[in-house]
Engineer: 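Dumping the structure here so I can ask a few things about it.
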Number of protein chains: 2
Amino acid sequence: MSALEARITRGDLENDKPLPPERDLMEEFGTSRTVVREAISALANRGLIELRPRFRPIVRKPDYGTLINATGTIVRYLLNEPSGVQNLYQSRVFIERGLVRDAALNATKEHISDLKAALLANSNAIMNSEEFFQTDIDFHGVLYRISGNPVFPAMHKGFTSWLSPNWARMRRSIERNETVYFAHKEIYDAILERDPARAEAALIEHLRVAWGFVEETF
Amino acid sequence: MSALEARITRGDLENDKPLPPERDLMEEFGTSRTVVREAISALANRGLIELRPRFRPIVRKPDYGTLINATGTIVRYLLNEPSGVQNLYQSRVFIERGLVRDAALNATKEHISDLKAALLANSNAIMNSEEFFQTDIDFHGVLYRISGNPVFPAMHKGFTSWLSPNWARMRRSIERNETVYFAHKEIYDAILERDPARAEAALIEHLRVAWGFVEETF
DNA sequence: CAGTCAACTTGGTCGAACCAAAAATCTGTA
DNA sequence: TACAGATTTTTGGTTCGACCAAGTTGACTG
């Protein structure tokens, strides 16, 4: 049963390597194949194993990303509840407010440089809404990375994948891209000037406006 | 397979009610019991179903708390990795910094009253380290509730359950309880005075000191 | 009417079997 | 010998039937 889980978490099964065949495992644990399969599917649901049909299960050392993946199903359900989207979006705003404040206070030259590059890519994509969407995500992604804590990039991945369905419905236009770009620039400038309050204010305004764009399509 | 999941998320299976027997489900979906069982265990692993041995599975409408429960296994693994605990604790500090800032800015009279009550309970428990531990958690819990966003209390539950193993090892004493209490009071006072910067500073110092208490026992 | 015990229900496990696709092996040709 | 194709073996996915033990139900008894 969960002895299998132990074998994985203990690490005596290497990462990215296929699991032993089910028939070997049932012999090793002295149990039936039914039990082995249930254990495997349980581990797969928790993200410790990657399961492709007809292929040997692959051991995945869990990282903060698998955490996000594992929660996907439930989050998607919660988003369908009253104010589910709002609660999540509000959480995102909360996080990013803290992130930009910290960025303004602590960002290194490299971080600033990354941010500038993301901003440039953002600017270059204004005419192409498809591409702009991605550079938009990337710009915010840099903010999450500046924290230096791997938890935050994972959260960013979660936010984007969970909220993008709503986001994707948004009507796009070059003017809106420009609006977003200038908002990003304002955030960048505030960080450059080491002004956390201004950075936070700029971010709040940015996400408020963006939320308005999304809401408009209900 | 996932048609079962649909039946639950669609809500035509009531919350807190037992699932139909496996043998009925296999008839309903025209599949074997093995498949039904795998589907059920999959849902259980995601927290949509509560599974007690020998009892009928109980449908659980997922909330933000089940999200935390579902991630427990993976988080516990991540905590065993290098700087896993540090990453999580740092995330907690980050969140609470934002929370106390917002509390200082937006807390209502009721919130302040709740906080005051939590502080009082904290004070009353100084002589009893066991009880103090709980009131300590509760005090921070109020901070999470003030946000008004159900995501945050769930995060609080996660932080406490994930970090408490480390926390529990901490050597306790009345002096330390007093130190913690005064730190809480400082945070409370700053919120009362609507001073976000001071509240944040007090919280940072508080959690820095507390971390030191924990680290001391490595 | 309450308590008890037997019969039924139901989740947990097992074993055997079959299928299809992947992996490994073999074979024949160049 | 080397390589491509055919063949065999392995292996995951699924089904069926059976058994056990614990929970549930209900009838029977005092």
Side-chain angles (χ1 to χ4, degrees), chain A residues 1-62 66 69-70 72-74 77, chain B residues 1-62 65-66 69-70 72-74 76-77:
Chain A
M1 30 167 60
S2 78
L4 223 192
E5 180 179 331
R7 271 196 53 172
I8 290 182
T9 55
R10 259 58 161 177
D12 70 327
L13 289 177
E14 272 180 70
N15 190 20
D16 291 336
K17 292 288 182 216
L19 219 60
E22 297 178 354
R23 286 169 177 83
D24 289 3
L25 290 175
M26 64 183 273
E27 188 177 355
E28 174 178 347
F29 294 106
T31 174
S32 72
R33 210 166 136 228
T34 311
V35 178
V36 171
R37 298 199 93 255
E38 276 198 15
I40 288 178
S41 81
L43 293 177
N45 284 319
R46 294 188 205 159
L48 275 66
I49 280 180
E50 190 178 312
L51 223 49
R52 266 189 318 162
R54 300 284 166 192
F55 281 80
R56 300 270 287 277
I58 297 175
V59 178
R60 289 274 182 242
K61 197 195 292 190
T66 60
N69 290 336
T73 313
I74 305 180
Y77 171 86
Chain B
M1 29 170 59
S2 78
L4 224 193
E5 179 180 332
R7 270 197 52 173
I8 290 182
T9 55
R10 259 55 160 179
D12 69 327
L13 288 177
E14 274 179 69
N15 191 19
D16 291 336
K17 292 288 182 212
L19 220 60
E22 297 179 352
R23 288 169 175 82
D24 289 3
L25 289 174
M26 64 181 274
E27 188 177 355
E28 175 178 346
F29 294 107
T31 172
S32 73
R33 214 171 129 224
T34 310
V35 178
V36 170
R37 297 196 95 258
E38 276 197 15
I40 288 177
S41 82
L43 293 177
N45 284 318
R46 295 187 204 161
L48 275 65
I49 278 180
E50 191 178 312
L51 222 51
R52 265 189 318 163
R54 302 283 169 193
F55 281 80
R56 300 269 288 277
I58 297 175
V59 177
R60 290 272 182 242
K61 197 196 290 189
T66 60
N69 291 336
T73 313
I74 304 180
R76 258 173 273 279
Y77 172 86

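Nothing here was measured: the structure is a model prediction, and the numbers come from that model. In the text below, chain A, chain B and the rest are named by the order of the sequence lines, each starting its count at 1.
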Engineer: For A:Glu22 and D:dT11, give me the distance from atom CD to atom C1', rounded to whole Å.
Structural biologist: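 It is 8 Å, rounded to the nearest whole Å.
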Engineer: From CD of A:Glu27 over to C1' of D:dT11, roughly how many Å is that when rounded to an integer?
Structural biologist: 15 Å
Engineer: Considering all heavy atoms of both residues, which atom of B:Ser41 and which atom of A:Asn45 are nearest to each other, and what is their separation?
Structural biologist: O-ND2, 4.3 Å
Engineer: Identify the heavy atoms of A:Thr66 and A:Gly47 that sit nearest to each other, and give their distance.
Structural biologist: CG2-O, 4.2 Å
Engineer: Can you tell me the distance, in whole Å, between the CG atom of A:Asp24 and the P atom of D:dT11?
Structural biologist: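 Spelled out: CG on A:Asp24 to P on D:dT11 is 6 Å.
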Engineer: How close or far is atom C1' of D:dG12 from atom CD1 of A:Ile58, stated in whole angstroms?
Structural biologist: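 Between C1' of D:dG12 and CD1 of A:Ile58: 13 Å.
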Engineer: Answer whether the closest heavy-atom distance between the side chains of B:Leu48 and B:Val59 falls below 4.5 Å.
Structural biologist: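 When only atoms from C-beta onward are counted, B:Val59 and B:Leu48 do not touch, as no gap falls below 4.5 Å.
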Engineer: In whole angstroms, how far is the C1' atom of C:dG11 from the CD atom of B:Glu50?
Structural biologist: 15 Å
Engineer: Decide yes or no on side chain to side chain contact (heavy atoms under 4.5 Å, CB included) for B:Ile58 and B:Arg60, but give the supporting numbers first.
Structural biologist: CA-CA 6 Å; B:Ile58 297 175; B:Arg60 290 272 182 242; 3.8 Å; yes
Engineer: Base, sugar-phosphate, or nothing for A:Arg37, non-hydrogen atoms under 4.0 angstrom?
Structural biologist: base
Engineer: Select from B:Pro21 and A:Glu38 the residue whose nearest nucleotide in DNA chain C is closer to the 5' end of that strand.
Structural biologist: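 Of the two residues, B:Pro21 wins.
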Engineer: Assign a letter to each nucleotide of nucleotides 16-21 of chain D from its 5' end: B, base within under 4.0 Å of a protein heavy atom; S, sugar-phosphate only; -, no contact.
Structural biologist: B-BB-B
Engineer: Rounded to whole Å, please give me the gap between CD1 in A:Ile40 and P in D:dG12.
Structural biologist: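 That distance rounds to 7 Å.
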Engineer: Nearest whole angstrom, please: distance from the P of D:dG12 to the CG of A:Leu19.
Structural biologist: 8 Å
Engineer: I need the A:Leu25 CG to A:Thr31 OG1 distance, nearest 0.5 Å.
Structural biologist: 10.0 Å
Engineer: Distance check needed: D:dG12 C1' versus A:Leu51 CG, whole Å only.
Structural biologist: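 Between C1' of D:dG12 and CG of A:Leu51: 9 Å.
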Engineer: Examine distances only and state if a side-chain atom of A:Arg56 and a backbone atom of A:Pro18 form a donor-acceptor pair shorter than 3.5 Å.
Structural biologist: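 Here the side-chain-to-backbone pair does not exist.
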